[in-house]
Amino acid sequence: MEIQLIRNATLRVKYGDQTILIDPFLATKHTIQSFAEISPNPLTDLPCDPEEVIAEVGMVIVSHLHPDHFDDAAQKLLPKDIQVFCQPGDEGQISDLGFQRVTPVVETLTWRGIQLTRTPGQHGTGEWGERMGQISGFVLRAPGEPTVYWMGDTIWYEAVAQVVAEQKPDIIVTHSGGARFGDSDPIIMDAQQTIEVCKTASEAKVVAVHLESLDHCTTSRADVRALAETNGVSDERLSIPLDGETIRF
């Protein structure tokens, strides 16, 4: 299988003879609002043309409807007959955009030999966690492929640790940018929580994304790598891809 980081949380995944697009965020640089009153977002351009991102994609997974995970540019560019999987409650809004094949994943379903299992997440703590609303992660399984746990926009907490223990993923994708609003706690994982994932899932390979693309993300790739080195987590165990980079397993 292959995981290509496009930018932020947007991934092109080749898995089970299919090409999957995850959380498409295709806006050009500085064309949407600031989240932290620092800079318009996104902070970086796409590493390739948007048409290349969506080429040959058979399935789209949308974890939640925040604009850095399913934006206007992606909504306009994606074919309206493409298969979209989402969390329950989001299907109406996606269908209202003209998408004709929208399926909420309640628990587990199978599409073209790929099993999708929706997992819980917590998008922050306290008042901010409540304001950010429901998000989901997903576990992917297919014959002859590693088990992948894409955690989504969650912090590290008990329910996520339980998914790791029960699903025993071979590959875990973390959102590690340490995004914050004002003096809030992180609303996604930061460097410390990413290393906790590595320590807990000691047999898995971790891929850290959702970094250096938005003005409210306070954790850099260098921050994650430095803490990994301090804690003895090798490059082989933890990948921190650049935008456009492909990791093959």
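None of these values were measured; they are calculated from a predicted model.
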Next on the checklist: For the backbone of G58 and the side chain of Q18, can you confirm whether one donor and one acceptor N or O come within less than 3.5 Å of each other?
Outcome noted: no

Pair S34-D215, side-chain donor/acceptor within less than 3.5 Å: yes

For E56, does the CD atom have more than 12 heavy-atom neighbours from other residues, nucleotides or ligands under 6.0 Å away? no

*asked:* Run the side chain to side chain contact (heavy atoms under 4.5 Å, CB included) test on T147 and K168 for me, step by step, so that the C-alpha distance in whole Å, both residues' side-chain angles and the decisive distance to 0.1 Å come before the verdict.
replied: CA-CA 8 Å; T147 298; K168 297 179 173 55; over 6 Å; no

Checklist entry - Hey, is D45 close enough to R7 for a salt bridge, meaning N to O under 4.0 Å? => result no

| message | Assess whether a salt bridge exists between E212 and R221, defined as any Lys/Arg side-chain N lying under 4.0 Å from an Asp/Glu carboxylate O. | response | yes

| Without hydrogens or angle criteria, can the side chains of E158 and Q162 be said to hold a donor-acceptor pair below 3.5 Å? | no

Which of L140, I171, V160, V173 passes side chain to side chain contact (heavy atoms under 4.5 Å, CB included) with Y149? It is V160

- Looking only at side chains, do Q87 and D90 share a donor and an acceptor under 3.5 Å apart? yes

Evaluate the criterion side chain to side chain contact (heavy atoms under 4.5 Å, CB included) for residue pair S63 and F70; output intermediate values, then yes/no. CA-CA 9 Å; S63 64; F70 190 44; over 6 Å; no

Only residue of T219, D223, T194 satisfying side chain to side chain donor-acceptor pair (under 3.5 Å) with S176 is T194

inquiry  = Ignoring hydrogens and geometry beyond distance, is a side-chain donor-acceptor pair present between D23 and T10 at under 3.5 Å?
reply    = no

Please evaluate residues H210 and H69 with respect to the criterion ring-ring contact (aromatic ring centres under 6.0 Å, His included), reporting the C-alpha separation (whole Å), side-chain torsions for both, the decisive distance (0.1 Å), and the verdict. CA-CA 10 Å; H210 204 313; H69 294 265; 5.4 Å; yes

Check: Any idea how H123 and H64 line up, ring-wise: parallel (<30°), tilted (30 to 60°), or perpendicular (>60°)?
Finding: perpendicular

Just checking N231: does its CG atom have more than 12 heavy atoms from other residues, nucleotides or ligands closer to it than 6.0 angstrom? yes

### salt_bridge(K76, D71) N-O dist < 4.0 Å
no

Which of L21, I20, V209 passes side chain to side chain contact (heavy atoms under 4.5 Å, CB included) with L11? Answer is V209

Check: Q83/R112 side-chain N/O donor and acceptor closer than 3.5 Å:
no

**Report entry** Distance-only donor-acceptor check, side chains T108 and Q115, under 3.5 Å
**Finding:** no

### Message
As a quick check of understanding, evaluate side chain to side chain contact (heavy atoms under 4.5 Å, CB included) for T119 and F138, giving each step before the final call.
### Response
CA-CA 5 Å; T119 61; F138 291 87; 5.6 Å; no

